[in-house]
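The structure appears right after this line, and notes come after that.
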Amino acid sequence: MRHISKLPQVETSIFSVMSALAHTHGAINLSQGFPNFKSDQKLIDLVSQAMNSGFNQYAPMAGNLELREAISKKFELLYNTSYNPETEITVTAGATQAIYTIISAFIHAGDEVLIFKPAYDCYEPAITINGGKPVAIQLVTPGYSINWDEVKHQISDKTKMIIINTPHNPSGTVLTKGDMLKLQALTEGTNILVLSDEVYEHMIFDGLKHQSVCLFSGLKQRSFIVASFGKTFHNTGWKMGYCCAPKQLMEEFQKVHQFNVFSVNSAMQKGLADYLKEPNYYLQLADFYQEKRDYFLNLIADSNFRFKPAQGTYFQVLGYAEITNEHDVDFAKKLTVENGLASIPLSVFNLENKDDKVLRFCFAKTDETLKKAADILNKL
């Protein structure tokens, strides 16, 4: 058989490559972004209770109404803004499905979508497979900041969407209020949509505040917010997320969503709805992960790696230029095979594979795992 690939340039994900390498060589895996500790037993019990109570058939297409109401209340509590649970919130099979569906619903052949590099690797394929054109803008290192003059220069009459990610994976940085105001000004009076990937919204450190697009009226009216229960509650394998947007945008999203997955796991939705009645389960996450970040960084404070503490997410970028001049992909593989520690090289996410000699490490791990990883790093 002969066929023409819609994604001829796409290769195996770096996450799969590094995790497979870690498995083969018995390395500590700080590459993929998942915790190696379990979810709260109460949440697991609530999901089990929901199963035993009969929540085993299709959920409503938009999601369990109790859960959508709980999400709406969360926005009111955190951001003093609201999304209508009846018309402006959809529960999804993880954040990645939400992102893909948003792009599928709105991007037509020839539409341009601005993304910021290093970018999470699901954005570009979704744009391409829908006939759109990714327009990449490299973040300015070492702070991974946005050059807004470059953004203004790249916006054209073909620009349909801008994708932002804050807190940012893989760099661990966050967008400021000033950044959001600049984005708002640049999109004012246009038909440009904003897709705001906010899956790490509860993991922001050192007293910083999450600048969600919903805090800015000019952005909220043109934006989708994408969030993840999997990232938030330590259960990435559940693939549970949601998105929020104004009614007229959500209606278009749901036209695609209903023929994509239609609805997602019913019992998990009920369990999450009950779990979210207690806000402290997500309000305490910033302190929880900041302790892990600080523990990890204190352990490697005297190493040859250089770093600026992550502002958010559960990822820490470490610079290795004082250790070797090797390409980051080569060094990451060597570190896995010869030293027993897997990480993610950032060049694979950059424009033209720009190599800044940095690796990303996930610190959503037990203290024991972080200590073992630090012992390896301190020997380099």
Is any NZ, NE, NH1 or NH2 atom of the basic residue among Asp179 and Lys177 found under 4.0 Å from an Asp or Glu carboxylate oxygen of the other?
no

Does the ring of Tyr314 carry Lys231 above it, NZ/CZ under 6.0 angstrom from centre and within 45° of its axis?
no

Non-neighbouring partners of Glu251 that pass salt bridge (charged side-chain N to carboxylate O under 4.0 Å, His left out), sequence neighbours left out
none

Note: Asp367-Lys371 ion pair, threshold 4.0 Å (strictly below)
no

Quick check, are the ring centers of His257 and Tyr100 under 6.0 angstrom apart?
no

Charged N to carboxylate O under 4.0 angstrom, Glu124 versus Lys117?
yes

Apart from Phe262 itself, residues in the same hydrophobic cluster as defined by side-chain heavy atoms under 4.5 Å:
Met61

For the ring pair Phe205 and Tyr289, is the centre-to-centre distance below 6.0 Å?
no

Just distance, no hydrogens or angles: give the donor-acceptor pairs under 3.5 Å from side chains in residues 21-29, sequence neighbours left out.
residue	atom	partner	partner atom	Å
Thr24	OG1	Ala20	O	2.9
Asn29	OD1	Ser31	N	2.9
Asn29	OD1	Ser31	OG	2.3
Asn29	ND2	Ser19	OG	3.1

Relative to the ring of Tyr120, is the ring of Phe15 parallel (under 30°), tilted (30 to 60°) or perpendicular (over 60°)?
tilted

Could you tell me whether Asn298 atom CG has more than 12 heavy atoms of other residues or ligands within 6.0 Å of it?
yes

Mark yes or no: Lys74 above the aromatic ring of Tyr282, with NZ or CZ under 6.0 Å from the six-membered ring centre and no more than 45 degrees from the axis.
yes

I'd like to know whether Lys255 forms a salt bridge (Lys or Arg N to Asp or Glu O under 4.0 Å) with Glu252, so could you lay out the CA-CA distance, the side-chain angles of the two residues, the decisive distance to 0.1 Å, and finally the verdict.
CA-CA 5 Å; Lys255 289 178 183 178; Glu252 294 302 313; 2.8 Å; yes

Show me the donor-acceptor pairs, under 3.5 Å and distance only, between side chains in residues 337-349 and residues at least two apart or in other chains.
residue	atom	partner	partner atom	Å
Ser347	OG	Asp328	OD1	2.6
Ser347	OG	Asp328	OD2	3.1

Could you walk me through whether Asp294 and Lys292 satisfy the salt bridge (Lys or Arg N to Asp or Glu O under 4.0 Å) test, starting with their C-alpha distance in whole Å, then the side-chain angles of each, then the deciding distance to 0.1 Å, before giving a yes or no?
CA-CA 5 Å; Asp294 292 347; Lys292 288 197 169 294; over 6 Å; no

Would you confirm whether the ring centroid of Phe224 sits within less than 6.0 angstrom of the ring centroid of Phe106?
yes

By the rule that ILVMFWY residues connect when side-chain heavy atoms come within less than 4.5 angstrom, directly or transitively, which residues belong alongside Ile204?
Val174, Leu208

Is there a side-chain contact between Ile164 and Met180 (heavy atoms, below 4.5 Å)?
yes

Decide if the gap between the ring center of Phe331 and the ring center of Tyr320 is smaller than 6.0 angstrom.
yes

Does the side chain of Gln269 reach to within under 4.5 Å of the side chain of Phe55, using non-hydrogen atoms?
no

Tell me, please, whether Phe363 has Arg293 positioned over its six-membered ring: NZ or CZ under 6.0 Å from the ring centre and within 45 degrees of its axis?
no

Does a salt bridge link Lys160 with Glu112, judged by any charged N lying under 4.0 Å from a carboxylate O?
no

What residue pairs, at least two apart or across chains, pass side chain to side chain donor-acceptor pair (under 3.5 Å) with a residue in residues 60-69?
Glu66-Lys270

Is there a side-chain contact between Leu215 and Gln211, using heavy atoms and a 4.5 Å cut-off?
yes

The test is side-chain hydrogen bond (donor to acceptor under 3.5 Å, both in side chains); show your working for Thr324 and Glu326 and say whether it passes.
CA-CA 5 Å; Thr324 178; Glu326 292 174 87; 3.1 Å; yes

Applying the side-chain contact (heavy atoms from CB on, under 4.5 Å) test to Ile163, which of Val194, Ile127, Ile102, Leu193 qualifies?
Ile127

Is atom CD of Glu11 surrounded by more than 12 heavy atoms (other residues, nucleotides or ligands) closer than 6.0 Å?
no

